[in-house]
Undergrad: 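This is the structure I want to talk about, given as structure tokens.
Residue indices begin at 1 and follow the sequence shown. When a ligand or atom number is given, it counts from 1 through the structure's own listing order.
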Amino acid sequence: MTKQYGKFGGMYIPEILIAPIEELSQKWKSLKSDEDFLLQLHQELESYAGRPTPLTEVPSFAKYIGGPRVFLKREDLLHTGAHKINNAIGQCLSGKALGKTRIIAETGAGQHGVATATACARLGLQCVVYMGAKDIERQAPNVTKMRLLGAEVIAVNQGRKTLKEAVNEALRDWSSSYEDTHYCLGSALGPYPYPDIVATLQSVIGKEARQQVLHVTGQLPTHVIACVGGGSNAIGIFSGFIDDEAVSLVGVEAGGTGKNLGENASRFATGSPGVLHGCYTYLLQDSCGMIAETHSISAGLDYPAVGPQHAHLYELGRATYSSVDDNQALEAFRILSVEEGIIPALESSHALGYALQQSYAADDTIIINLSGRGDKDLPQLMSEGVIR
Ligand SMILES: *Cc1c(COP(=O)(O)O)cnc(C)c1O
């Protein structure tokens with residue numbers, strides 16, 4: 001089978017999904033360079049989502065790590081509070097270009113569901129979101145938002161009732177609905193062409209960050225750091241620097257509560273290659289290939305597979321991957337809030353937490369992708385008694 005990212009990627013799909021995946025592949029090839037489509041996308045991102053996002057220097061935070069120049073790419077300032085809206089708007093516009101009137105999506109914590117419901121409301125598309133029943137209980141505010149935005153939220157009661165099962169149900173829906181339905185997948189994974197679609201739609205982060213850092217410092221950064229769930233915000237910012245070999249790229253996974261299988265979502269440290277949801281990549285699985293349980297304080301990083309392009313960058317050594325545990329992420333969450341007046345998402349706090357474990361030279365320049373804001377995490381942290 002053709003793999004798009006070295007050994008990784010592919011389209012491991014049941015026969016019934018070949019027709020819609022082929023249709024999407026063909027259309028995507030032309031949309032990628034279609035000037036009308038790109039103009040419309042640019043206009044929506046600028047006038048509706050809030051692009052370009054600033055690059056903010058954070059000198060007080062930088063003091064904790066030896067005083068390099070540290071910049072945050074402020075995806076937290078986007079409409080709906082994270083980078084996910086870049087992908088949701090792009091895919092909903094693609095769905096429209098394909099002539100579809102209905103959008104389906106999976107969601108775990110609800111962030112991708114909210115972004116997709118938002119884009120559908122804006123663009124006049126019907127929206128159905130599949131969500132595990134356990135996640136619906138845990139993430140009530142996001143369920144309310146999706147319904148308010150006009151989306152139908154369908155509870156998935158299979159298996160562990162979380163994200164993995166929600167993806168299965170979305171794929172099942174799509175296999176019988178693709179005539180009028182586009183499946184808006186939430187991260188840079190799944191069967192090809194999804195990893196490419198999502199990475200391309202998120203590449204705007206890296207393009208802007210590159211221009212901005214050159215404008216402010218006159219130089220490329222020495223390090224670019226991003227958290228990695230499925231890998232979309234990371235590949236988005238990495239793509240701006242991937243050809244600049246001197247720029248060190250660091251992906252940060254969820255270290256959870258420990259190093260053992262089931263205690264984290266560190267696919268590179270704890271996992272091995274296998275197939276899940278249509279692609280060959282690094283996974284958390286047991287010795288029989290059964291998908292393992294995962295844990296992270298941050299729901300957006302809590303997924304057993306990582307995007308195939310990251311698996312390739314890992315094997316090439318072009319990017320390095322590290323992990324930060326729940327407590328280190330929480331410490332970073334507090335430090336950025338107090339020192340800079342920015343409450344980061346728990347996901348982004350992992351990227352910040354990685355930087356806090358390092359010591360840099362004063363002439364280093366570091367960009368950390370602040371993938372989202374922390375408001376969404378406050379109810380969880382309050383109910384767990386972590387903050388008051
Ligand atoms: C969903 C989410 C992530 C993780 O997803 P990626 O595809 O790895 O980017 C990271 N940060 C925030 C704020 C999120 O909502």
Undergrad: Among all protein heavy atoms, pick out the one at the shortest distance from atom 4 (C) of ligand 1; state its residue, atom name and that distance to 0.1 Å.
TA: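 Among all protein heavy atoms, the one nearest atom 4 (C) of ligand 1 is Gly300 O, 3.3 Å.
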Undergrad: Out of His112, Lys376, Lys84, Gln111, who is nearest to atom 2 (C) of ligand 1 when you count heavy atoms only?
TA: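 Selected option, by shortest heavy-atom distance: Lys84.
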Undergrad: Run the numbers for me: atoms of ligand 1, each under 4.0 Å from some heavy atom of Gly229, listed by number.
TA: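 Under 4.0 Å from Gly229, ligand 1 has these atoms: 8 (O).
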Undergrad: Which atom pair, heavy atoms only, marks the closest approach of Val129 to Thr107?
TA: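 Reported closest heavy-atom pair: CG1-CG2, 3.6 Å.
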Undergrad: Which ligand 1 atoms does Ser187 reach within 4.0 Å, using its non-hydrogen atoms?
TA: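 With Ser187 as reference, the close atoms of ligand 1 come out as 6 (P), 7 (O).
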Undergrad: Is Ser371 in polar range of ligand 1, meaning some N or O pair under 3.5 Å apart?
TA: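 Right, the criterion is met.
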Undergrad: Does any N or O atom in Leu301 lie less than 3.5 angstrom from one in ligand 1, N or O only?
TA: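 The answer is no, given that Leu301 and ligand 1 share no N or O pair closer than 3.5 Å.
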Undergrad: Within a distance under 4.0 Å of any heavy atom of Asn233, pick out the atoms of ligand 1 and give their elements.
TA: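 What qualifies from ligand 1 is 6 (P), 8 (O), 9 (O), 10 (C).
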Undergrad: Any idea which part of Glu75 is under 4.0 Å from ligand 1, heavy-atom wise: side chain, backbone, both or neither?
TA: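 Within the 4.0 Å criterion, Glu75 makes no contact with ligand 1.
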Undergrad: Report, in ascending order of atom number, the atoms of ligand 1 lying under 4.0 Å from any heavy atom of Gly372.
TA: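 Matching atoms, with element in brackets: 13 (C).
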Undergrad: Please identify which of these residues, His310, His312, His350, meets the ring pair (Phe, Tyr, Trp, His ring centres under 6.0 Å) condition with Tyr321.
TA: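 Checked His310, His312, His350 against Tyr321; only one passes ring pair (Phe, Tyr, Trp, His ring centres under 6.0 Å): His310.
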Undergrad: Give the intermediate values and the outcome of salt bridge (Lys or Arg N to Asp or Glu O under 4.0 Å) for residues Arg51 and Glu75.
TA: CA-CA 9 Å; Arg51 302 214 73 88; Glu75 297 298 292; 2.7 Å; yes
Undergrad: Side chains of Asn87 and Gln91: do they bring a donor and an acceptor to under 3.5 Å?
TA: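 Yes, because at least one side-chain N or O of Asn87 sits under 3.5 Å from a partner of the opposite role on Gln91.
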Undergrad: Of the side chain and backbone of Ala345, name the one, both, or neither that has a heavy atom under 4.0 Å from an atom of ligand 1.
TA: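 Answer for Ala345: side chain.
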Undergrad: Could you go through the side-chain hydrogen bond (donor to acceptor under 3.5 Å, both in side chains) check for Ser272 and Gln285 one step at a time?
TA: CA-CA 7 Å; Ser272 53; Gln285 55 190 337; 3.0 Å; yes
Undergrad: Give the minimum heavy-atom separation between Thr118 and His79, together with the two atoms involved.
TA: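 Scanning both residues, the minimum pair turns out to be CG2-NE2, 3.5 Å.
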Undergrad: Would you check the N or O atoms of Ala234, main chain and side chain alike, for any that come under 3.5 Å of an N or O of ligand 1?
TA: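 No, since none of the N or O atoms of Ala234 sits under 3.5 Å from an N or O of ligand 1.
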Undergrad: Which ligand 1 atoms does Cys227 reach within 4.0 Å, using its non-hydrogen atoms?
TA: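 Counting atoms of ligand 1 from 1, those under 4.0 Å from Cys227 are 10 (C).
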Undergrad: Output a table of donor-acceptor pairs, distance under 3.5 Å, between side-chain atoms of residues 224-251 and any protein atom two or more places apart or on a different chain; print 'none' if there are none.
TA:
{"from": "Ser232", "atom 1": "OG", "to": "His83", "atom 2": "NE2", "distance (Å)": "3.2"}
{"from": "Asn233", "atom 1": "OD1", "to": "Asn369", "atom 2": "ND2", "distance (Å)": "2.9"}
{"from": "Asn233", "atom 1": "ND2", "to": "Cys227", "atom 2": "O", "distance (Å)": "3.1"}
{"from": "Ser239", "atom 1": "OG", "to": "Ile235", "atom 2": "O", "distance (Å)": "3.4"}
{"from": "Ser239", "atom 1": "OG", "to": "Gly236", "atom 2": "O", "distance (Å)": "2.9"}
{"from": "Asp244", "atom 1": "OD1", "to": "Arg210", "atom 2": "NH2", "distance (Å)": "3.0"}
{"from": "Asp244", "atom 1": "OD2", "to": "Arg210", "atom 2": "NE", "distance (Å)": "3.4"}
{"from": "Asp244", "atom 1": "OD2", "to": "Arg210", "atom 2": "NH2", "distance (Å)": "3.0"}

Undergrad: So if I count the atoms of ligand 1 from 1 in the order they appear, which ones are less than 4.0 Å from some heavy atom of Gly231?
TA: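 Per the distance check, 6 (P), 7 (O), 8 (O).
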Undergrad: Check whether any heavy atom of His83 sits under 4.0 Å from an atom of ligand 1.
TA: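 His83: in contact with ligand 1 (<4.0 Å).
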Undergrad: Could you check whether any side-chain heavy atom of Pro59 comes within less than 4.5 Å of a side-chain heavy atom of Glu340, counting everything from C-beta outward?
TA: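 Yes, close enough: below the 4.5 Å cut-off.
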Undergrad: Is it the case that atom CD in Glu179 sees more than 12 heavy atoms from other parts of the structure closer than 6.0 Å?
TA: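 No, CD of Glu179 has 12 or fewer neighbouring heavy atoms, counting only those of other groups under 6.0 Å.
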Undergrad: Once side-chain hydrogen bond (donor to acceptor under 3.5 Å, both in side chains) is applied, do any residues pair with Trp28, and if so which ones, sequence neighbours excluded?
TA: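 By the side-chain hydrogen bond (donor to acceptor under 3.5 Å, both in side chains) rule, Trp28 matches Asp196.
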Undergrad: When you compare ligand 1 with Glu347, is there at least one nitrogen or oxygen pair between them that comes in under 3.5 angstrom?
TA: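 Min N/O separation from ligand 1 is not below 3.5 Å for Glu347.
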